[in-house]
Protein chains: 2
Amino acid sequence: MTPERPASLSKSGRGPSMHDVAARAGVSHQTVSRVLNDFPGIRPETRERVLQAIRDLGYRRNMAARALATGRSEVIGVIMPEVPHFGPTSTLYAIEHAAKRVGFKPLITTASWEPSSMGQALDFLLARSVDALVVMAQHPDVLNAVEATTDVPVLYVLTGNSHAERSVAVDQVAGTRLALEHLYDLGHRRFQHITGIAGLTEAQLRRDTFLAFLEERGLERLPILEGDWSADAGYRAGLAVEEGVTALFCANDPMAMGAIHALEERGLTVPEDVSVVGFDDVPESGYAHPALTTVHQDFTEVGLRAVTALMEVINGREPGELEPVEPWLVVRDSTGPAPA
Amino acid sequence: MTPERPASLSKSGRGPSMHDVAARAGVSHQTVSRVLNDFPGIRPETRERVLQAIRDLGYRRNMAARALATGRSEVIGVIMPEVPHFGPTSTLYAIEHAAKRVGFKPLITTASWEPSSMGQALDFLLARSVDALVVMAQHPDVLNAVEATTDVPVLYVLTGNSHAERSVAVDQVAGTRLALEHLYDLGHRRFQHITGIAGLTEAQLRRDTFLAFLEERGLERLPILEGDWSADAGYRAGLAVEEGVTALFCANDPMAMGAIHALEERGLTVPEDVSVVGFDDVPESGYAHPALTTVHQDFTEVGLRAVTALMEVINGREPGELEPVEPWLVVRDSTGPAPA
DNA sequence: CCCCCTCATGTTGACGATAACATCGGGGCG
DNA sequence: CGCCCCGATGTTATCGTCAACATGAGGGGG
């Protein structure tokens with residue numbers, strides 16, 4: 001029952017091959033291949049003999065050889081940003097889980113959005129004959145860097161919607177509006193915004209939407225506070241929030257936490273003096289002090305849709321329309337009515 | 001200069017091969033191989049001609065073929081827990097960065113510690129002929145599941161030290177003692193502990209060390225509060241902290257944040273009434289309320305040592321002694337002198 | 001009763017690279 | 001002047017699998 005350590009193999013070192021299995025089962029290697037690939041028309045008895053030989057020998061398929069013969073590898077290449085932020089990381093896990101269910105695994109590589117870095121990452125993954133590519137396109141330039149290099153199906157993720165043809169993302173505009181409308185409805189009229197890393201698509205979309213919202217409602221446009229996603233930056237920005245501001249929209253939760261820390265150091269209370277909204281709904285945000293009102297992004301859904309769409313393309317079908325994933329607002333204690 | 005779309009290749013679909021390059025450069029495919037692999041004794045002029053042909057054709061090596069011929073893939077298999085906690089995730093990024101510098105990429109798969117799950121993950125990775133394996137061994141049973149299945153070098157990570165022969169980890173015992181001694185030195189004598197997920201090595205080590213510490217100092221042993229790493233669980237445990245406890249040691253930062261939230265709801269203040277220490281030093285912990293005293297774990301170093309050691313083994317050298325990575329204590333505002 | 005067809009299986013040739021061995025001009029040396 | 005060796009390159013076999021075609025034993029219909 002337990003795989004015996006194969007005493008002698010056809011060749012040294014490399015573990016048993018189909019030939020070894022075939023010899024042991026008294027069939028041809030092609031029959032072994034057919035059993036392995038679930039071809040119809042194998043006599044049940046033969047199949048059983050082959051499976052037994054496989055078990056006896058502890059045989060494992062050599063996917064390199066298979067990839068060479070078929071041109072497919074059952075691996076999805078994933079290009080990620082180099083810094084472990086919440087969004088990309090969550091999406092990665094989601095992709096892994098979704099891919100696992102269809103027998104694929106992600107091969108990971110990180111890259112900045114510079115063409116040379118992206119180029120290297122692409123070369124590496126394509127050389128491994130990945131069947132598909134997920135590119136976390138934090139920056140619009142990425143799209144140019146990838147385009148037309150290959151005919152492997154490519155899907156962009158985290159583009160914040162509407163940036164590329166083939167892309168899956170949480171609708172950033174909708175999420176930002178949820179946050180801002182919530183604040184507006186509470187009576188707030190003086191807003192400031194702490195941004196994510198300048199230039200990154202999602203940061204840019206949240207910022208643009210923020211400005212558009214001010215415009216639409218005829219609200220005063222105070223200076224934008226530049227952040228970089230980190231709680232540190234949020235803290236520094238929090239120190240720079242203007243007097244009289246009652247509504248602070250932060251581009252992510254860690255910055256919101258940093259900002260709140262700074263505001264309280266300045267003697268302001270949240271939400272009595274200033275209401276703060278974050279973005280992402282990280283697991284801790286419900287236990288921040290005060291519990292954070294924030295925009296929830298369903299990265300699990302993003303990963304799932306990405307993998308589903310790629311499987312469609314791999315199998316030659318046209319993927320359905322790629323809808324943006326809808327975010328929702330989680331109202332907690334960091335927002336309240338505007339002070340009188 | 002720019003790679004032209006190859007108009008006609010030797011065969012359809014698959015992109016140019018060494019033969020195509022060789023033909024274009026007017027040499028044999030073996031010479032191309034030698035150029036690609038930096039063999040000595042190629043006339044500079046020939047080398048240049050080959051490189052030019054490669055550029056012209058946009059040639060990319062087929063690693064599947066190379067893996068088949070050489071038995072090596074330049075891929076490291078990584079088995080991770082299924083849930084995206086801070087430690088494993090940080091380590092993954094660290095591994096990716098370290099691996100990239102030596103030309104390797106991680107192939108990721110998640111698994112629980114059940115033998116069947118681990119077995120599947122192993123089969124998958126080994127079938128891809130990974131050159132080495134990093135196993136995040138959150139649970140002691142993992143070690144049995146992996147052992148002796150293969151002769152691929154295996155390194156265990158996050159074992160909390162001393163659990164396996166080949167393992168890299170942050171010294172959990174030392175970290176726990178740093179936290180507890182800090183509290184003790186502040187005058188605290190009534191301790192409670194919120195654990196991580198029961199059974200996981202790191203949670204177990206922190207818990208065991210906590211109990212050992214109480215014993216050594218002759219302190220009263222109050223009930224252990226069972227957690228699961230989540231802020232939620234920390235909150236629930238925080239509600240259950242006994243009256244009169246002044247020192248709360250939490251097995252990670254999110255639980256510490258949850259617990260503080262609960263304590264404050266109960267009208268207790270941190271650190272005046274209760275001092276709280278976390279574990280991990282997640283980037284937000286400096287901006288929690290109050291800023292969290294916590295044990296810093298250097299996962300970057302863990303990843304680096306893991307990859308370095310694996311490269312040694314892959315290249316046939318014996319890796320040096322694997323020292324545990326030393327954690328350090330970051331003292332912030334959530335701890336203070338014991339109340340009188 | 002023979003032919004043809006089908007099911008179950010075997011045989012041969014890619015796939016794209018590396019490795020081991022073969023070749024082919026020179027140049028140094030006896 | 002011929003031999004040997006070496007540096008530069010070409011030729012052939014091999015890795016483990018899949019795909020396409022070949023084979024061969026039965027079974028049904030004319």
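In this text the structure is predicted, and so the values were computed from the model without any measurement. Lettering of chains follows the sequences in order, A, B, ..., and the numbering in each one begins at 1.
One interatomic measurement links the two molecules: CZ of A/Arg43 to P of C/dA8, which rounds to 8 Å at whole-angstrom precision. Following rounding to the nearest Å, B/Arg61 (CZ) and C/dC15 (C1') show an atom-to-atom distance of 17 Å. Counting to the nearest Å, the C1' atom of C/dC15 and the NE2 atom of B/His19 are 11 Å from each other. Between B/Asn62 atom CG and D/dC15 atom P the separation is 18 Å, expressed in whole Å. To the nearest angstrom, P of D/dT17 lies 10 Å from CD1 of A/Ile54. Residue A/Tyr59 contributes atom OH, which lies 7 Å from atom C1' of D/dG16 at whole-angstrom precision. In this structure, CE of B/Met18 is placed 16 Å from P of D/dT11, rounded to the nearest angstrom. In this structure, A/Phe39 atom CZ and C/dG10 atom C1' are separated by 15 Å, rounded to whole Å.
Heavy-atom distances to DNA chain D give each of B/Val27 and B/Ala65 a nearest nucleotide, and the one nearer the 5′ end belongs to B/Val27. The residue among A/Asn37 and B/Thr31 whose nearest nucleotide of DNA chain D lies closer to the 5′ end is B/Thr31.
A donor-acceptor contact closer than 3.5 angstrom is absent between the side chains of B/Ser112 and B/Glu82. Between the side chains of B/Lys100 and A/Thr110, at least one donor-acceptor pair of N or O atoms lies under 3.5 Å. In this structure, a donor-acceptor pair under 3.5 Å is absent between the side chains of A/Asn62 and B/Arg128.
Annotation for B/Glu312: atom CD counts as buried by contact number, over 12 foreign heavy atoms lying within 6.0 Å. The number of heavy atoms from other shown groups lying within 6.0 Å of CZ (A/Arg317) is above 12.
For B/His29, counting side-chain heavy atoms from C-beta on, the closest listed nucleotide (D/dT11, C/dT9, D/dT17) is D/dT11. Nearest to the side-chain atoms of A/Thr70 among the listed nucleotides C/dA17, D/dC18, C/dG16 stands D/dC18. Checked against D/dT11, D/dC18, C/dT18, the side chain of B/Ser28 finds its nearest nucleotide in D/dT11. Closest to the B/Ile42 side chain, of the nucleotides C/dT9, D/dG10, D/dT9, is D/dT9. Proximity note for A/Thr46 (side chain, C-beta onward) versus D/dC18, D/dG16, C/dT9: the nearest is C/dT9.
The side chain of B/Ser33 contributes no N or O atom lying less than 4.0 Å from OP1 or OP2 of C/dA17.
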inquiry  = Assess the residue pair A/Thr89 and B/Tyr93 against the criterion (side-chain hydrogen bond (donor to acceptor under 3.5 Å, both in side chains)); give the C-alpha distance rounded to whole Å, side-chain angles, the decisive distance to 0.1 Å, and a yes or no.
reply    = CA-CA 10 Å; A/Thr89 305; B/Tyr93 273 86; 3.1 Å; yes
inquiry  = Treating primed atoms plus P, OP1 and OP2 as sugar-phosphate and everything else as base, which nucleotides of nucleotides 20-25 of chain C get B, S or - for protein heavy atoms under 4.0 Å?
reply    = B-----
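Classification of A/Arg305 and A/Glu323 as a salt-bridged pair fails, no side-chain N sitting under 4.0 Å from a carboxylate O.
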